[in-house]
Q: 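Below is the structure I would like to discuss, written out as structure tokens.
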Amino acid sequence: MSSPQLLQDVSSARLTWLRFKRHRLALASGIFLVVIYLTAGFCEFFAVYEPNSRNPRAIYAPPQQVHFIDPVEGFQLRPFVYGYHLTINPDTWVREYTEDHSQKFPLQFFAPGEAYQFWNLFGASRHFVTVPDTGYLHLFGTDKLGRDIFSRVLYGARISLSLGLLGVALTIVLGVLIGGLAGYLGGMVDNVIQRTIEVLQSIPTLPLWMALSAALPPHWSPLGVYFGIIVILSFIQWTGLARVVRGRFLALREEDFVVAARLLGAGRLRIIFRHLLPSFMSHIITTATLAIPGMILAETALSFLGVGLRAPIVSWGVLLQQAQNFQVIILTPWLLIPGVFVVLVVIAFNLLGDGMRDAADPYGGSNSA
Amino acid sequence: MSGFILRRLLAMIPTLLIISVIVFILIQLPPGDIISATLASLQQQGMEVSTEQIAALRAQYNLDDPMVVQYLRWITHFVQGDLGYSIKYQQPVNTLIWDRLGYTVLIAVASLLFTWALAIPIGIYSAVRQYGFGDYFFTVVGLLGLAIPNFMLALILMYCGYSWFGVSVGGLFSPELAEAPWSSAKFMDLLKHIWIPMIVIGTAGTASIMRVMRANLLDELSKPYVVTARAKGVRPLKLIMKYPVRIAINPFISTIGWLLPTLISGEAIVSIVLNLPTTGPLLLQALLSQDMYLAGSFIMLLSILTVLGMLLSDILLAALDPRIRYE
Amino acid sequence: MSDELLRVNQLNVRFPVMSRGLLRRQTSDFHAVKDLSFHLNRGETLGIVGESGSGKTSLVRALIRAIKPSSGSAVFNSSQGQVDLCQLSDKQLVPLRTQMQMIFQDPFASLNPRMKVGEIIAEPLAIHAPASRAEHRGRVIEMLGRVGLEASAIQRFPHAFSGGQRQRIGIARALIMQPALVVCDEAVSALDVSVQAQVLNLLADLQAELGLTYIFVSHDLNVVRHFCERALVMYRGEVVEEGAVDDLFDRPQHNYTRLLLSAIPSIDPDVRLAPLSRASLGLPIE
Amino acid sequence: MSQEQILSINNLTVEFGSELGTQTALHGISFVMQRGRTTAIVGESGSGKSVTAYSTLRLIEAPGRITAGEILFRPTGLPVFDILALRPDSDALYNLRGNQIAMIFQEPMTALSPVHTIGNQVMEAILTHRPVGKAEAFMQATDMLRRVGINNAAERMHQYPFEFSGGMRQRVVIAMALVCQPELLICDEPTTALDVTIQAEILALIRDLKDEFNSSVLFITHDLGVVAQIADDVVVMHQGRILESGSVRQVLKSPLHPYTRGLLGAMPGLPGLQPRRHDKARRLATVNDSQGTTDFGQHPLISLNDGRRVALPQAKIDEALKP
Amino acid sequence: GTTAAEIDPASWPAAWHQPMATASELGLTHFQQAPMLAEQVAAGTLPPLQQRLPTDPVVLQPINNIGQYGGTARIFRSDWDKLNNLEGPLTVDPSAAKILPNVIERWEYSDNNQVLTLHIREGLKWSDGSAVTAADFIFYHQHVTLNTELNPITAPQWVGSQITAIDDLSFRYEFPQPFPLLINIMAQIGDYMLAPSAFMQQFHPAFVDRTQLLASIYAQGYVSWMSYFNAILFWTRNSQPLAPTLRPYQMVERTPIAEYYSRNPYYWKVDPEGNQLPYIDKIRAEVIDNADVMAAKASTGQVDFAAFEMKTQDFPLFKLGEKTAGIKVLVWHRIHGSDVIIMPNLTIDDSRLRTLFRDRRFRRALSVAINRDEMNSVIYFGRGTPRQATVIPTSRFYAQEFAQAFAQYDPAQANSWLDEMGLIDVDGDGLRNFADGEALTITLEYIDFETPKNISLELVVSYWRAVGIDLRLKEVDQALQYNRATGNLMQMTAWHADRSTDILFPWQPQWYVPMHIGWEEAHWNSWSIYYLSGGARGEQPPAEIIQLQDWWQELTRSAEPARVTELGRNILRSSAENVWTIGTVGLAPQPVIVSGRLHNVPAQGYWGWDNRWTMAYHPATWYLTQ
Ligand SMILES: Nc1ncnc2c1ncn2[C@@H]1O[C@H](COP(=O)(O)OP(=O)(O)OP(=O)(O)O)[C@@H](O)[C@H]1O
Ligand SMILES: Nc1ncnc2c1ncn2[C@@H]1O[C@H](COP(=O)(O)OP(=O)(O)OP(=O)(O)O)[C@@H](O)[C@H]1O
Ligand SMILES: [Mg+2]
Ligand SMILES: [Mg+2]
């Protein structure tokens, strides 16, 4: 039952937005994702260091605390961190770090720091936040080689997040193309595609991914591996989408407005692009949004198994690979910080997708996938 | 009904055949082969190996036959129940696989039940209290389960299990009981260990099931027959359980089959972290070391399990939904 | 009348019945329209009545080639000469689409919710008469005026209109190419009486104005009697009776027609409804 | 409220909220139903017929809300009470639903759960309200199925809805509603989805059963023909308001309100009540044509001496009453 | 803590440095057995102890206490042979410097070192009670070593060799050339020299009907009699039969989860009080593939002994376990000359890289570009020894300058050598290019195995990047490592420089002389192949390499100690000067985790392949308390 009077003058985009806005969590997630994607996009600027630069004075160093109050000078507006004082405990062999109050590094914003190549386009050295040359800043601590986790998380975000997007883009292309073909052509083609999908879906995903990743030629460059992994992850995922697309195609093909277009003499392409695709675009976008976190998690899983991305590429999965053991929890829990980001992003994408699903398609039946 | 089952069984055959081809290609893909891996491990023990020895070994394992011949040999033996010989473990695959497969199924089923036990009531609750605080709360909790990478959660739980309850780290049994015959003590021991993988794998699937349950229920709740029943004076709890839940359950049953691959995948990761005697760790080893019969048989068996799971869910669905049964 | 627009001969429509399972083979077929023949004159309105499932929709959809009839012929006197609609390929049909159009039952489902009304109505022009957008716009606005909608409607989406208004949009789309033949499959059944009346009036006006020929499918006998000159009564895929509406309604020959007529509830509370029983008419019960 | 009145709706107001604002579905409607009679509500789609029926059983769900009014119900031999005042989880409410008041819905195809047997669903009403065992409930249900004209009722009890044709399903729905012999039966467009021939059978059935059980019926439809055939009293609704009410003859034969007249005029086949010969030149009257508007203002209902009520200014009524 | 390359020999009992004493030498006449066996003897399923022990049992001195019998030791599968140590013909001393008798009581070389005569201890029995005789050696030599089905290519040292029985307990090997190093082999991988012949003949087609044998083997799912034979002999199958052994424990069962071992009732060593060893009744070796899980289990006291897969970097975790789980963390020393050595492939097909790698300045530059002290502190907590790959200090071939050559961190020097070679960064990306401007990248393939290769190499990447060398790492699978190393396909690889003791260095100086092809080394494969094939295949090495091979040839045949030392040093000096391989940090600490209930494990020891890890520390004398 719709209420024509009220709907009169509301555009569909606006209605969708109104509905979406009602999901506070989805809205917040969307904002969070925009922020983190921006940060990832400009990670050279937001990171303090390059992902592979090391601070030999800080191996497995815990996060530095940002201070505002100095014991001598009292409160000061410019926050600062103290340097580390390292002792290796002879009994426990643990590297124990304490704050060295004789070393004080004020945080500087938009100041020059470690030089970098922005997107490999031009050189620059300004960072969002940095400390003077003599000091170091490790907001999330450091890893086994003294690399800054904060910076690595940001660089990792670029890889992991873009991997999700590209993977899903590929999934969509494959899913829509193949599903659409099956749904539109029907008959033999449909049958073959349907069987193929069934077969692919009956093979447990992880073993399949493992097998495929293990098959990536070892002489591929890290970038090649990156794209290889994307292809592998999309290899299974498209099937789900294709099924949905096919189903929708079949259903929509019988919808009156599509029949009407056919009776007007519209050709196949016109029907597909003017009528069918727009009708489930919102559905596809939602599905895609919900599929991205799956990709990100899958990447961490593959990295965990050692068949995913590999150094010097820094992804969240690669970072978590360092954190995959018991000792991390006990001794260096800050190595799990990339995991926190994975969790946040995955949740955010899911909430966003949920919100979009509820908001999308105010007229058409938005039956769940 | 039996005709239905028979038809579905027959339909499985071509699917499985195609899967077997894919699996076979898959395990042939990676560079290197098991013979080199074997030689590598021989060298690890200090033995010297020569090129001639390699050739001899390859001949022993028929590795130089054409692909098609190798495939046919593999699949005919497979069908006869001979899963081949693991070169890495120097054992017939049969002796390696069944226990592990059993535990995999056990864990998968336990996780599935756990997921359902958790997700369905919560899904019902959030549907009934749509947009309430509980709805949001459980959605986020459910998503947390989905979002925490399995291996991380497993590690954290393993640590908690050890430091709070003194559960031995890793494994499905305490060492004393691992090989003991089944007894109540062993069963209790299993329960003491299985909760970690169960929770880890289970929570990963909870979110999606919760969501589907909620969506299905919301869909169902406004269906005319539910309104009809309400108008009959049926009390809310009974009403929900008898109608919407009953029908909203159907999609779940139909997803058992599709869930299995996910569960098995989750199981693989968790088992590697926790060192469970299931297919996951062995499969990883087999894949990495190119033990193709082992890896191939594993993937094949898991796929058969999945296909059977789908069959099972179809049968259950047919049993539950008269419309399908009578078609 | 000599000015014949359409002649249908021995038309059959069958739907394949597929088996489930792996190969989805066709096991049998459902015979929805059986050996149907009739003719239609230019400017005439032919009603088709019958109970649900009797094959009305199948018949008209086959005529307009939304589905492919399995056998028979339907000779159409198009502006290009006589053609057998049943023999043409989809491609060959495209130019003919301007000469025959359909108005759908469901005013909600038949308009693409994602297109603006202007685009919807202009779609036939875009397909068949490539011209400037401005030209199209002019014709669309003119058409909108004819069906009684404001020109401002072109900027809006279908959801902003009531059922009756949407049906007008559908009519505007069907008529913009000035087709000779218009098929209305339950075009007013989903509408409220008063809206139904408006739409029926509109269709009648347009017919007078443009010289249209209608095939009018309905299960409402009163409507058919009001709107059509001739009617076919369909029963289980066959025409059981055909004739001028008044003859048909006043002197039904076939038992099924009698049954139908007896089931029409009179608007007069004093005329009690006394439906004939199927059994007494020798018709099988559901 | 007199003994002869079984139901009295006073100033019922229902609102629906959405992200775009609140929409009032019923603007404080009032009418009474006489015991043992059939009252029909007519009106175009969206006029608030279903909402009225749902309100009577307190079936309005969020985002809908009953914001004002009372629905007084007087079961035979029991004191009158306000349905809207019942607590949402009170026994009285559950006793009301299905036992004292039963409802038949528009869509026979979807009003039955596809995965439960017919027997199960018919028996449910009995088991919910009567202290009887399953065997007894089965007997009663079978009996009721037989009475609504289902052959082999005992066998049919074990079948599923999809094994029934549309007409049969609607019979089952009727049986389900009547099995507890409610005093008030609400039918929300029970025949709209059916073929005319089947509609005729169902209408006859409802009429017969009503007499047999001596129930009162609230019958909702937009088909004036059906109203003429089944109703004793008629309420005409439009956009959440009552425009006219009275006995079926009063309303259909000498309508006062222009809207009612418009509706009647729009029916092909009228006036003259005889099927009219084909006449292309004649246009159907529509509400719009006759009134130039579909907005009938917000006049209060005025009761006339003959028991009818019309929402028109007194002057207009007088004008209309002039021969 | 010590960064001691050398462990004071006095930290072990004096007796361990000598040939093992026997009961008669110590005047022991009464022997006791484990209660577990006493029961079996009482039940009549086992002969009395006296009949099981050899005529004059060997006496082992426990390092701390006389132990107590009983218990099941929980370990990981990778440590099975650390507790159930190899009992070869000969053995080594705790410093991994000397060769000591074991199964073989005495041996004599002929003057020309071409004939080796050996004498087996009297009354020694396999774990099934059958006697150990010369036939067991002869069977192995003639029907395993020289069998072309089991070993299609005879290893060079065995070509032309003969074995002859002298009597039941004495036999001799004869070789066409002098072979003084045979005893090194017999001490280190003696498991490939003898087998319980009576038992194993049942599975050898030379002794039983081949068709029958094959039929039963195929029925069990094996593909060849050879795999079946090996499975029985080396206990790699999961069910009976398992070959009898001389080790302290016999495997009894093998499941996918664990392996089970039970004491060998015929074990031939006793403690100074006459108690038959071992003390511990049983071993359960759990199969775990994930090294992190192992570390977790070991640190929480869930195993009694763990070492092989324990990583140096995990010391803090283990140390934490000392507090929370009552384990002991012993710091042993790996006897690897360098924990990680990097090998540029001098015979790579790519001619430009080859030219580069063959330029000594390049290798030296790469070496001095590495900050070994930092590596030592980052990876080894400062407890390793920064050094090049060379023998360990206890070796007779050791010289400090070999260890220190080009091992000082000196990036300026590295840069100047690289500049001198014309490797200039022409495109300004901070990385050097070939003289013609082409990008210079080097790919290093490795497997992360045994020593901390991954982290070391990650550091190396950053050190080299600092001098403009673009190194890319690729972790590969074992199979791939093998293929690519032996196929001369790798530009660079890394391994750990074991074979750095006097036991193995003279016999397998593979890091210093191209004389071997295996999965470990890839720095001069074509030259090795040329050498091994007698010039038929591979590539002829330059003169200085031929010189190395000649020196080594002479070393293996020479009987004159001074000459041997000189030849060895010649080889090592060449390596020091030429930096054939680039070492990092050696003599690194190896965590050895011992649960609170396991005793008599030496606090210090050398850890490595050369001495078979624990063999010289007599795990049979370790015991469990409850
Ligand atoms: N695509 C199809 N596949 C199979 N059977 C079909 C299909 N379309 C229609 N039918 C069957 O053909 C018969 C005639 O259907 P049709 O839609 O023509 O009837 P109708 O007279 O238009 O009924 P209604 O009044 O309900 O619209 C029906 O029994 C229907 O089930
Ligand atoms: N669930 C709902 N949400 C929002 N608005 C509703 C809802 N149900 C009913 N309404 C509104 O209440 C008004 C009355 O609806 P109602 O269903 O009573 O109409 P009706 O007269 O029964 O129409 P029909 O003949 O189509 O059944 C409608 O305008 C509709 O917009
Ligand atoms: Mg139809
Ligand atoms: Mg309604």
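So that the names make sense, note that chain A is the first sequence line, chain B the second, and so on, each numbered from 1.
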Q: With a 4.5 angstrom heavy-atom cut-off, is it the side chain or the backbone of B:L144 that approaches chain A, or both, or neither?
A: both
Q: If you count heavy-atom pairs under 4.5 Å between each of B:I299, B:L284, B:L16 and chain A, which one has the most?
A: B:L284
Q: Rounded to the nearest 0.5 Å, how far does CG of B:L302 lie from OG of A:S202?
A: 12.0 Å
Q: When rounded to the nearest 0.5 angstrom, what is the spacing between CD1 in A:I329 and SG in B:C160?
A: 7.5 Å
Q: Could you walk me through whether B:R211 and A:L290 pass the side-chain contact (heavy atoms from CB on, under 4.5 Å) check?
A: CA-CA 12 Å; B:R211 254 184 324 199; A:L290 290 171; 3.8 Å; yes
Q: So which heavy atom on B:L155 is nearest to which on A:A323, and how close?
A: CD1-O, 3.7 Å
Q: I need the residue from A:L320, A:V307, A:L351, A:D354 with the largest number of non-hydrogen atom pairs under 4.5 Å to chain B.
A: A:D354
Q: What distance separates A:E198 CD from B:I19 CD1, expressed to the nearest 0.5 Å?
A: 9.5 Å
Q: Against chain A, label B:T139 side chain, backbone, both or neither, depending on which of its atoms sit under 4.5 Å from a heavy atom there.
A: side chain
Q: Please tell me if the side chains of A:L305 and B:F151 come closer than 4.5 Å, counting only heavy atoms from C-beta onward.
A: no
Q: Which heavy atom in A:Q201 sits nearest to a heavy atom in B:T306, and how many Å separate them?
A: O-CG2, 4.4 Å
Q: Which heavy atom of A:V342 sits nearest to which heavy atom of B:A147, and what is that distance?
A: CG1-O, 4.1 Å
Q: Rounded to the nearest 0.5 Å, what's the gap from CD1 on A:I347 to CG on B:L146? Could you check?
A: 8.0 Å
Q: After noting the C-alpha distance and the side-chain angles of B:N150 and A:F304, does the key distance pass the side-chain contact (heavy atoms from CB on, under 4.5 Å) rule?
A: CA-CA 10 Å; B:N150 277 353; A:F304 164 80; over 6 Å; no
Q: What do the steps show when you test A:L200 against B:I22 for side-chain contact (heavy atoms from CB on, under 4.5 Å), and what is the final call?
A: CA-CA 9 Å; A:L200 284 179; B:I22 295 180; 4.3 Å; yes
Q: Between A:L25 and chain B, which part of the residue has a heavy atom less than 4.5 Å away: side chain, backbone, both or neither?
A: side chain
Q: What's the separation between atom CZ in A:R195 and atom OG1 in B:T15, rounded to the nearest 0.5 Å?
A: 7.0 Å
